[in-house]
Amino acid sequence: MTALTVLAAETPDLVQSVDWLAIAPVVITAAVGLVVLVADLFVPEKHKQALGWISVAGLAAATATLLPLRAGDRATFCLTGPGTADPAACSYTADHFALVVQFLVLAGALVTALLSVTAVRDARMPAGEYWFLLLSSAAGAALLPASRDLATLIVALEVASLPAFALVGLRRGDRLSSEAALKFFLSSVTATAVSLLGVSFVYAATGSLHLSQVAGRLEGVPGQLDTLAMAGVALTLVGFAFKTAAVPFHFWVPDTYVGAPLPIAGYLSVIGKAVGFTGLVLVTVIAFPAYSEIWGPALAVLAALTMTLGNAAALRQSADRPNSAVRLLAWSSVGQAGYLLVPIAAAAYSDRDQIGSTVAYALMYAAVNLGAFAVAALVARTKPLHRISDYRGLYAEHPLAALSLAFFLLCLAGLPPGIIGLFAKITVFRAAVDAGLGWLAVVMAVNVVIALYYYLRWTALLFRTPEEGEQEAAPAARTRAPWPVTTAIVLTAAVAVVLSGAPQLVLRFAAGSLFPQ
C-alpha cells in the first residue's frame with residue numbers, strides 16, 4: 001500500500017478537466033447539427049422548414065455563449081506530464097482574438113442561415129443535408145481561431161472546408177453548381193495536402209505541434225534542419241494562401257461563387273476567408289516569428305498582387321452579362337483579401353499588434369459583404385440572372401434594400417457615410433506605413449481609387465430611373481420580401497451603421513496585445 005501511495009504521488013495527473021464553457025460555442029453548433037441530421041429522418045416533408053429554424057436558434061445560442069467568455073482568459077486541453085507542463089501549451093485558448101473571430105464566424109453563419117431558410121425551400125435542396133453541412137462547417141470555423149496546435153488547426157480547417165464542397169454542389173442537376181463544387185474541391189484538397197506536408201516538416205524540425213513551443217524551438221533549429229524548417233514554413237503558408245484566395249491561388253473563387261447558392265456564396269466570401277486569414281495569423285505571428293524575414297516579404301508581395309488583380313478583374317465586369325453581380329462581388333472579395341494581408345505582412349517588420357488591423361477590417365468586411373449578398377438574394381427572387389443591370393431602379397421597387405446596398409458598397413469603397421469602411425482602410429494603411437512598407441501603402445492607395453469606380457457605378461445604378469419596359473412591369477414585379485431575408489438585411493445594415501457611428505468599437509478587442517508576450 002505504501003509503495004502504491006508513493007507511486008501515485010510521483011505520477012502526474014494525466015486526467016484533465018474540460019472547460020466546457022470555453023468550448024461551448026463550438027460544441028453547441030456541432031450538437032445542433034447532429035440534432036438536425038437525426039431529426040431529418042423523422043420530420044415529414046411539409047415540416048422540413050422547422051429544421052432551418054432549429055439551426056437559426058442553435059447558431060444564436062452559440063453566439064450568445066461568447067458573452068460569458070469576454071474576459072478572454074480561458075484555455076483547456078493543455079499539456080501535462082513530467083517535463084511537459086507548460087501553461088502556454090494548450091490546444092484550445094479562448095483569448096480576445098479567438099472570441100472576436102468566433103463572433104464573426106457564428107454571427108455570419110446566423111445571417112447565412114436566415115438567408116437560407118427561403119433559399120432551401122425555393123431551390124428544393126435537401127433540407128436535412130443542407131443544415132447539417134452548414135452547421136458542421138460553422139463548428140469547424142469556430143474551432144479554428146481557438147486552436148493553438150498545428151494538428152487541431154488543420155483538423156478545424158478541414159471540418160470547415162469539407163462540408164462547404166457539398167454545400168456548393170447541393171443543387172442537383174445544376175451544371176454550374178457541380179462544376180463549382182469540383183473546382184473548389186480540387187483546389188482545397190491541394191491546399192490541404194501542401195499544408196500537411198509543411199506541418200510535417202515543421203514537426204520534424206521542432207518535435208512539437210503546439211504553436212508556442214514551435215515558436216521557441218524554431219529559434220534554435222540545428223543547422224542541418226534549418227532548410228527543412230524553412231521548407232515547412234513556406235509550404236504551410238502556401239496552403240493557407242489557397243484558403244484566403246490570395247493571388248495566384250485565387251482561380252477557384254469566381255466560378256465557385258457563381259455556381260453556389262447565393263447564401264453559400266456569401267458564406268464563403270466571409271466565413272471562408274475568416275478561416276483562411278485566422279489560420280494564417282496563427283501560424284505566422286505565433287508559430288513562425290523566427291522566420292519573419294521569409295514570410296513577411298512573401299505576404300507583402302502576395303498582398304500587392306491580390307488587391308491589384310482582384311480590383312482589375314472586378315473593373316472589367318460587364319453590367320449586362322449574366323452573373324455579373326456575383327462575379328463582381330467575387331473579384332471584389334479577392335481585392336479585399338489583399339487589404340487583409342497587409343497588416344499580417346506588416347507584423348513581420350514591427351510589433352504583432354498590427355494584427356488588430358486585420359481583425360478590424362475583417363469585421364467591417366463581414367458585415368457589409370453579407371449585407372450585399374442579402375440584397376442580391378432579394379433581387380434574385382424576381383431577376384434570377386444576377387446581372388448588375390438588374391439593380392437599375394432598385395430604389396423605386398425596394399427603397400430600403402437599395403439604400404442598404406448603397407451603404408454597403410460605400411463601406412467597401414471606404415467613402416462616407418460608410419465611415420467604418422474608411423476607418424478600416426485607414427488602419428490597414430497606417431499598419432503598412434508604420435512597418436516601413438511605403439511601396440505597399442502606395443499600391444493599396446492606387447487600388448482603393450480603382451475600386452471606387454466599380455463600387456460607385458453600381459451605387460449610382462440603384463437610383464437611376466428604370467428603363468421603359470422595366471418601369472411598366474415594376475408594379476407587377478414588386479413583391480414583398482420574405483421576412484428572414486429582410487431580417488438579414490436589417491441586421492447587417494444595423495451593425496454597419498453602429499460601427500460607422502462608433503468605429504472605435506471595432507478595435508476595442510481587435511487592437512492591442514492580442515498575443516501577449
Side-chain angles (χ1 to χ4, degrees), residues 28-29 32-33 35-36 39-40 43 45-64 103-138 164 167-168 170-171 260-271 325-326 329 366-384 386 391 394 397-405 407-408 477-498:
I28 290 175
T29 306
V32 174
V35 168
V36 168
D40 181 53
V43 175
E45 191 66 34
K46 62 181 179 180
H47 297 309
K48 292 290 189 185
Q49 196 170 16
L51 301 177
W53 294 117
I54 293 173
S55 302
V56 169
L59 288 168
T63 306
F103 172 77
L104 186 159
V105 166
L106 294 173
L110 178 60
V111 172
T112 303
L114 287 171
L115 294 176
S116 300
V117 169
T118 55
V120 170
R121 181 192 61 206
D122 295 342
R124 297 183 178 181
M125 290 183 284
E129 291 93 326
Y130 184 94
W131 293 112
F132 170 71
L133 291 169
L134 179 62
L135 289 166
S136 299
S137 179
L167 285 170
V168 170
L170 206 57
R171 292 188 298 192
L262 267 181
I264 299 305
Y267 177 85
L268 291 175
S269 73
V270 173
I271 284 76
V326 178
L329 288 173
V368 299
N369 213 58
L370 276 174
F373 272 100
V375 177
L378 174 61
V379 174
R381 295 183 64 83
T382 54
K383 299 172 181 176
H386 308 304
Y391 293 78
L394 181 63
E397 298 180 32
H398 299 286
L400 293 179
L403 290 172
S404 298
L405 181 57
F407 184 66
F408 297 143
R478 188 177 301 171
T479 57
R480 187 177 182 84
W483 74 264
V485 177
T486 302
T487 303
I489 296 173
V490 170
L491 283 176
T492 51
V495 171
V497 169
V498 168

For this session: Apply side chain to side chain contact (heavy atoms under 4.5 Å, CB included) to L268 and V168, showing your working.
Result: CA-CA 9 Å; L268 291 175; V168 170; 3.7 Å; yes
For this session: List the steps, then state whether side chain to side chain contact (heavy atoms under 4.5 Å, CB included) holds for L134 with T112.
Result: CA-CA 9 Å; L134 179 62; T112 303; 4.2 Å; yes
Problem set entry | Steps toward side chain to side chain contact (heavy atoms under 4.5 Å, CB included) verdict (R381, D122) | CA-CA 9 Å; R381 295 183 64 83; D122 295 342; 2.9 Å; yes
For this session: Kindly determine whether T487 and V111 satisfy side chain to side chain contact (heavy atoms under 4.5 Å, CB included), including the steps that lead there.
Result: CA-CA 9 Å; T487 303; V111 172; over 6 Å; no
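The two atoms that bring V32 and S55 nearest to each other are CG1-CA, 4.3 Å, heavy atoms only. Minimum heavy-atom separation, A119 to M125: O-CE, 3.8 Å. The two atoms that bring F373 and A265 nearest to each other are CE2-CB, 3.7 Å, heavy atoms only. Looking at every heavy atom in both residues, A496 comes nearest to F407 through CB-CE2, 3.5 Å. Contact detail for A401 and L378: the closest heavy-atom pair is CB-CD2, 3.7 Å. In this structure, S269 and N369 approach most closely via the heavy-atom pair OG-ND2, 2.9 Å.
Residues D40 and F132 are not in side-chain contact: their nearest non-hydrogen atoms beyond the backbone lie 4.5 Å or more apart. Y130 is listed as a side-chain neighbour of I264, based on a closest heavy-atom distance under 4.5 Å.
Taken to the nearest 0.5 Å, the CG atom of L262 stands 4.5 Å off from the NE2 atom of H386. Note that CH2 of W53 and CH2 of W131 are 8.0 Å apart. Values are rounded to the nearest 0.5 Å. With rounding to the nearest 0.5 angstrom, the CG atom of L51 is 10.5 Å from the CG atom of L135. Rounding to the nearest 0.5 angstrom, the gap separating the OG atom in S137 from the CD1 atom in I271 is 8.5 Å. Distance NE2/H398 to OH/Y391: 11.0 Å, rounded to 0.5 Å.
A side chain to side chain contact (heavy atoms under 4.5 Å, CB included) with L370 is found for exactly one of L114, L110, T492, I489, namely T492.
Applying the side-chain contact (heavy atoms from CB on, under 4.5 Å) test to A138 and every residue at least two apart in sequence or in another chain returns T29, L59, A109, Y267.
For K48 (side chain) and G128 (main-chain N/O), no donor-acceptor pair under 3.5 Å exists by modelled atom type.
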